[in-house]
Amino acid sequence: LVAMMPPVLLVFAFLVAVLVVGAVMAYLTWRGSKASPFFQEAVRDRYDLSLPEAEVDAFYDLKDKLRQQYAPETVNGEQEEEADGEDGWINKVPGEERTELQRALMRRLVGCIDKLDQVQKDKPGNWKLWRAKLVSERFWSSLCEAEQLVSQEVDSCIAEAGELQPEWKDHIFAQAVHCWRTQKQQAKEKKEHKKAVVHEKKQKEKEVKRKVVEKKLEEEDKQRQERLAEKMMEKLLREEEAQSAKAKGKSRDAAPKSKGKKK
């Protein structure tokens, strides 16, 4: 049949077959290269990390408030003053409120250290994934940018410490690390304590349930013993009645019959 077909039709059929096969192969290749929904969800496009905005805003809000209250002439560039000199604006702030500002700065830096610890823990593993082409270039770049952003924020905190108290900038980072570790340890202990309390509560509930079950089993056993005792008593009574009836029957059978005397 093929030999009887015109050459033009043979060429046309061949071209159609090639196009169909090519289209199928292209579709299969596209399906294979397309990431599955699970893969798209598991592999992120960007590294998610944000600064401790609440602590940062709280520090600057308090700083602006104190500066406006005690050194308004230094606000908006009306009068420039050296931040760390004897005439710096911070020296006009009372000691108690200055201490509160230092605490706000410490909370801000501690929050930054937590973020810095996060990105430094994530970086080595993601570097290996990036080298193996398992994460995108965009994701790796965003991780590096996040690390740089946190480092800049740490440097800013240290600079602020030097403005509040010149010699403090040499010690604030170590103090913040110590504070951060203490908070981590306290959070861990709190979590373990909560876990222990929950475990103890569950154990008590189990003990209560065990006692309830034991009491129920004991009551059921007692009732079973009582029923068994009743059955045994009924059996004994029936046996005694049977023996008594049997004994009476034998007595009647064994009694001699009376006869008249002959004269």
Euclidean distance, [Y] [atom2] relative to [X] [atom1], rounded to 0.5 Å:
X	Y	atom1	atom2	value
Leu149	Ser142	CG	OG	12.0 Å
Glu153	Ile158	CD	CD1	11.0 Å
Gln118	Leu116	CD	CG	10.0 Å
His193	Glu200	NE2	CD	9.0 Å
Asp155	Gln148	CG	CD	10.5 Å
Ile113	Cys157	CD1	SG	8.5 Å

Tell me whether the count of non-hydrogen atoms from other residues, nucleotides or ligands lying under 6.0 Å of [atom1] in [X] goes above 12.
X	atom1	answer
Glu218	CD	no
Arg210	CZ	yes
Glu192	CD	yes

Would you call the rings of Phe139 and Tyr47 parallel, tilted or perpendicular if under 30° counts as parallel and over 60° as perpendicular?
-> perpendicular
Could you check Arg224 against Glu219 for side-chain contact (heavy atoms from CB on, under 4.5 Å), going step by step and ending with a plain yes or no?
-> CA-CA 8 Å; Arg224 186 168 53 252; Glu219 186 67 26; over 6 Å; no
Could you walk me through whether Gln165 and Glu167 pass side-chain hydrogen bond (donor to acceptor under 3.5 Å, both in side chains), step by step?
-> CA-CA 6 Å; Gln165 189 175 339; Glu167 64 275 9; 2.9 Å; yes
Would you kindly say whether [X] and [Y] are connected by a side-chain donor-acceptor distance under 3.5 Å?
X	Y	result
Trp89	Glu163	yes
Glu189	Gln185	yes
Glu147	Gln120	no
Gln175	Trp168	yes

Checking [X] side chain against [Y] main chain: does a donor-acceptor pair fall under 3.5 Å?
X	Y	result
Arg98	Ile90	yes
Asn126	Asp122	yes
Thr182	His178	yes
Ser141	Glu137	yes

Quick one, [X] and [Y] - any side-chain contact, counting heavy atoms below 4.5 Å?
X	Y	value
Glu73	Arg67	no
Leu143	Trp127	no
Asp114	Pro52	no
Leu101	Val93	no
Glu160	Lys169	no
Lys211	Glu207	yes
Lys123	Trp140	yes
Phe59	Met106	no

Please lay out, stage by stage, how Arg107 and Glu100 fare under the test salt bridge (Lys or Arg N to Asp or Glu O under 4.0 Å).
-> CA-CA 11 Å; Arg107 287 191 291 268; Glu100 183 58 34; 3.5 Å; yes
Please walk me through it: do Gln186 and Lys190 pass side-chain contact (heavy atoms from CB on, under 4.5 Å)?
-> CA-CA 6 Å; Gln186 290 175 348; Lys190 185 178 180 180; over 6 Å; no
For the pair Lys65 and Asp61, evaluate salt bridge (Lys or Arg N to Asp or Glu O under 4.0 Å) and give the outcome as yes or no after the intermediate values.
-> CA-CA 6 Å; Lys65 175 185 175 182; Asp61 288 345; over 6 Å; no
Derivation of the side-chain contact (heavy atoms from CB on, under 4.5 Å) call for Gln203 and Lys206 = CA-CA 5 Å; Gln203 289 300 113; Lys206 287 182 179 180; 3.9 Å; yes
Of the non-hydrogen atoms in [X] and [Y], which two are nearest, and what is the gap between them?
X	Y	value
Leu105	Ala161	CD2-N, 3.5 Å
Trp130	Ser136	CD1-O, 4.0 Å
Leu62	Ala104	CD2-CB, 4.3 Å

Yes or no on salt bridge (Lys or Arg N to Asp or Glu O under 4.0 Å) for Glu230 and Arg227, after CA distance, side-chain angles and deciding distance?
-> CA-CA 5 Å; Glu230 290 176 358; Arg227 289 193 298 269; over 6 Å; no
Connected-component partners of Leu236 among ILVMFWY, side-chain separation under 4.5 Å | none
Stepwise, does the salt bridge (Lys or Arg N to Asp or Glu O under 4.0 Å) test hold for Lys215 with Glu220?
-> CA-CA 8 Å; Lys215 186 175 181 180; Glu220 290 177 353; over 6 Å; no
